[in-house]
Amino acid sequence: IKLFVNHIKGLDYAPKTIVNMKRHINEFITFLKKQDKNDLRDVIEEDIKDYIAIIKQMRSSKGTLFAPATILRKIGTVKQFFVFLYRLEYIIRDPFDEIEYNMPQIENMRSIFTSDEITLFLDNIAVRKPLELRTRALFELMYSSGLRTAEIVNLKLEHVDLKERVVYVIQGKGKKDRVVPFSQTAAFYLKAYLEQGRVYIAKRPVIAEAQAFFISSYGKLKDYTVYRLFKDILEKSNLLRKGLTPHSIRHSCATHMLE
């Protein structure tokens with residue numbers, strides 16, 4: 001739960017929303033314990049259906065049944081939690097796979113990728129050359145973790161833990177640091193970049209001692225370079241819909257968890 005909370009903190013949810021989401025997950029965990037289930041890997045579709053049925057009969061502090069929107073938020077949070085676990089391979093099957101329910105739109109669809117579009121976007125990044133490996137690793141990490149462009153380019157080598165599959169986002173004075181997990185796919189490309197990409201780029205004298213994780217021929221990768229790369233990949237992928245920006249990838253990360 002702690003990893004999930006750290007993850008959604010990085011997606012710009014309001015503090016009150018984060019508190020509510022954590023409460024929704026804890027309510028579900030309490031339900032599971034009453035069913036003698038203590039391992040999330042054992043949760044099946046029937047458990048979810050039973051929980052939904054119970055929520056529909058629950059009453060608020062005022063003694064009234066929960067409104068449909070409240071029920072959807074509670075279920076949506078649990079769904080998002082399981083998608084998070086599945087994408088990071090903490091569970092081998094998402095128990096929500098065969099369950100359908102109506103979710104309210106939470107994003108302007110013009111500003112995010114569909115699942116097919118993000119797959120097309122990522123698959124159109126070649127991985128034959130060192131700089132191409134860097135680009136694929138960068139955008140895989142962005143989609144998997146929901147990190148901002150500024151957070152990506154400011155990562156240092158010591159901030160990326162491939163073994164634990166987490167990145168440490170150092171926010172600076174006055175702000176809380178975060179630990180953000182990423183997927184196995186992202187880990188694969190990050191490792192390939194470090195071993196076959198960055199090693200080659202870092203041979204150039206000007207950046208031989210650089211500690212930045214993502215580098216270019218001139219030092220630490222810049223945010224405007226990420227934007228240029230993003231636009232080039234969009235064009236190559238024939239994704240010409242207006243409103244797509246690097247920020248759309250991190251929005252997609254959150255939204256696809258609810259689909």
Next item on the list: Give a yes or no on whether Phe66 atom CZ has more than 12 heavy-atom contacts from other residues, nucleotides or ligands under 6.0 Å away.
Entry: yes
Item checked: Distance in Å, Ile118 CD1 paired with Ile249 CD1, rounded so as to fall on 0.5 Å steps -> 4.5 Å
Checklist line | Test: Arg136 and Asp123 ion pair at under 4.0 Å | finding: yes
Item checked: Hphob cluster co-occupancy, Leu162 + Phe139, side-chain heavy atoms under 4.5 angstrom -> yes
Item checked: Donor-acceptor pair between Arg23 and Asn26 side chains, under 3.5 angstrom -> no
Item checked: Atom pair CD1/OG1 of Ile8 and Thr17 - distance to nearest 0.5 Å -> 8.5 Å
Check: When hydrophobic residues are tied together by side-chain contacts of less than 4.5 Å, even through go-betweens, does Leu65 share a cluster with Ile75?
Finding: no
Notebook entry, point to check: Can you tell me how far CG of Asn20 sits from NZ of Lys74, rounded to the nearest 0.5 angstrom?
Noted result: 8.0 Å
Check: Taking all atoms of both residues into account, what is the closest heavy-atom pair of Val153 and Leu221, and its distance?
Finding: CB-O, 3.4 Å
Notebook entry, point to check: Under 4.0 Å between a Lys/Arg side-chain N and an Asp/Glu carboxylate O for Asp94 and Lys79?
Noted result: yes
Item checked: Over 12 non-hydrogen atoms of neighbours within 6.0 angstrom of NZ in Lys37 -> yes
Notebook entry, point to check: Looking at Tyr200, does the NZ or CZ of Arg134 lie under 6.0 angstrom from its six-membered ring centre and within 45 degrees of the ring axis?
Noted result: no
Notebook entry, point to check: Closest approach of Val166 and Phe182, non-hydrogen atoms and distance?
Noted result: N-CE2, 3.3 Å
Checklist line | 4.5 Å side-chain heavy-atom contact, Leu244 and Phe121 | finding: no
Note to self: Test of understanding: clusters of I, L, V, M, F, W, Y form through side-chain heavy atoms closer than 4.5 Å, transitively. Do Tyr227 and Leu239 belong to the same one?
What the structure shows: no
Check: Within a strict 4.5 Å, meaning less than it, do heavy atoms of the Phe31 and Asp50 side chains meet?
Finding: yes
Note to self: If you count heavy atoms of other groups shown closer than 6.0 angstrom to NZ of Lys56, is the number above 12?
What the structure shows: no
Note to self: Using side-chain heavy atoms (C-beta onward) and a distance below 4.5 Å, is Ile92 in contact with Arg41?
What the structure shows: no
Notebook entry, point to check: Considering only heavy atoms from C-beta outward, does the side chain of Phe214 approach that of Leu141 to under 4.5 Å?
Noted result: yes
Note to self: Whether the Thr225 and Arg228 side chains hold a donor-acceptor pair (N or O, under 3.5 Å, no angle test) is what I'd like checked.
What the structure shows: no
Next item on the list: Considering non-hydrogen atoms only, spot the tightest contact between Thr119 and Ser115 and give its length.
Entry: OG1-O, 3.0 Å
Next item on the list: Search all heavy atoms of Tyr189 against all heavy atoms of Ala137 and return the closest pair with its distance.
Entry: O-CB, 3.5 Å
Item checked: ring-ring contact (aromatic ring centres under 6.0 Å, His included) partner of Phe28, chosen from Phe82, Phe81, Phe96 -> Phe82
Checklist line | Residues Val5, Ile25; criterion side chain to side chain contact (heavy atoms under 4.5 Å, CB included); working and verdict | finding: CA-CA 10 Å; Val5 171; Ile25 294 173; 5.9 Å; no
Note to self: side chain to side chain contact (heavy atoms under 4.5 Å, CB included) for Val43 and Leu32? Distances and angles first, verdict last.
What the structure shows: CA-CA 8 Å; Val43 177; Leu32 290 178; 3.7 Å; yes
Item checked: Enclosure of Gln184 CD (heavy-atom neighbours >12, cutoff 6.0 Å) -> yes
Check: Between Leu131 and Val199, is there a shared hydrophobic cluster once you connect ILVMFWY residues whose side-chain heavy atoms come closer than 4.5 Å?
Finding: no
Next item on the list: Determine, step by step, whether Thr30 and Glu27 satisfy the side chain to side chain contact (heavy atoms under 4.5 Å, CB included) criterion, reporting the C-alpha distance in whole Å, the side-chain angles of both residues, the deciding distance to 0.1 Å, and the verdict.
Entry: CA-CA 5 Å; Thr30 299; Glu27 289 171 350; 5.7 Å; no
Next item on the list: State the CE-CG distance between Met142 and Leu122, to the nearest 0.5 angstrom.
Entry: 10.5 Å
Check: Where is the tightest heavy-atom contact between Val169 and Val180, given as atom of each residue plus distance?
Finding: CG2-CG2, 4.0 Å
Next item on the list: Decide side chain to side chain contact (heavy atoms under 4.5 Å, CB included) for Leu85 and Phe4; before the verdict, give the C-alpha distance in whole Å, the side-chain angles of both, and the deciding distance to 0.1 Å.
Entry: CA-CA 8 Å; Leu85 294 174; Phe4 178 69; over 6 Å; no
Check: How about Thr149 and Phe230: do any of their side-chain heavy atoms sit closer than 4.5 Å?
Finding: no
Next item on the list: Mark yes or no for whether Ser183, through its side chain, and Ser144, through its backbone, hold a donor-acceptor pair below 3.5 Å.
Entry: no
Checklist line | 4.5 Å side-chain heavy-atom contact, Lys236 and Ile125 | finding: no
Check: Nearest heavy-atom pair of Arg93 and Pro95: which atoms, and what distance?
Finding: O-CD, 3.3 Å
Margin query: When you compare the side chain of Leu147 with that of Arg178, does any pair of heavy atoms fall below 4.5 Å?
Written below: yes
Next item on the list: Answer yes or no: is there an ion pair linking Arg148 with Glu151, defined by an N-O contact shorter than 4.0 Å?
Entry: yes
Item checked: Reported CD1-to-OG1 distance for the pair Ile18 and Thr77, which is rounded to 0.5 angstrom -> 11.5 Å
Notebook entry, point to check: Taking side chain as C-beta onward, heavy atoms only, is Val179 less than 4.5 Å from Glu164?
Noted result: no
Next item on the list: Verify the cluster assignment for Val78 and Leu3: are they in a single hydrophobic cluster under the rule of side-chain heavy atoms below 4.5 Å apart?
Entry: yes
Check: How long is the span from the CG atom in Asp161 to the CG atom in Leu190, to the nearest 0.5 Å?
Finding: 11.5 Å
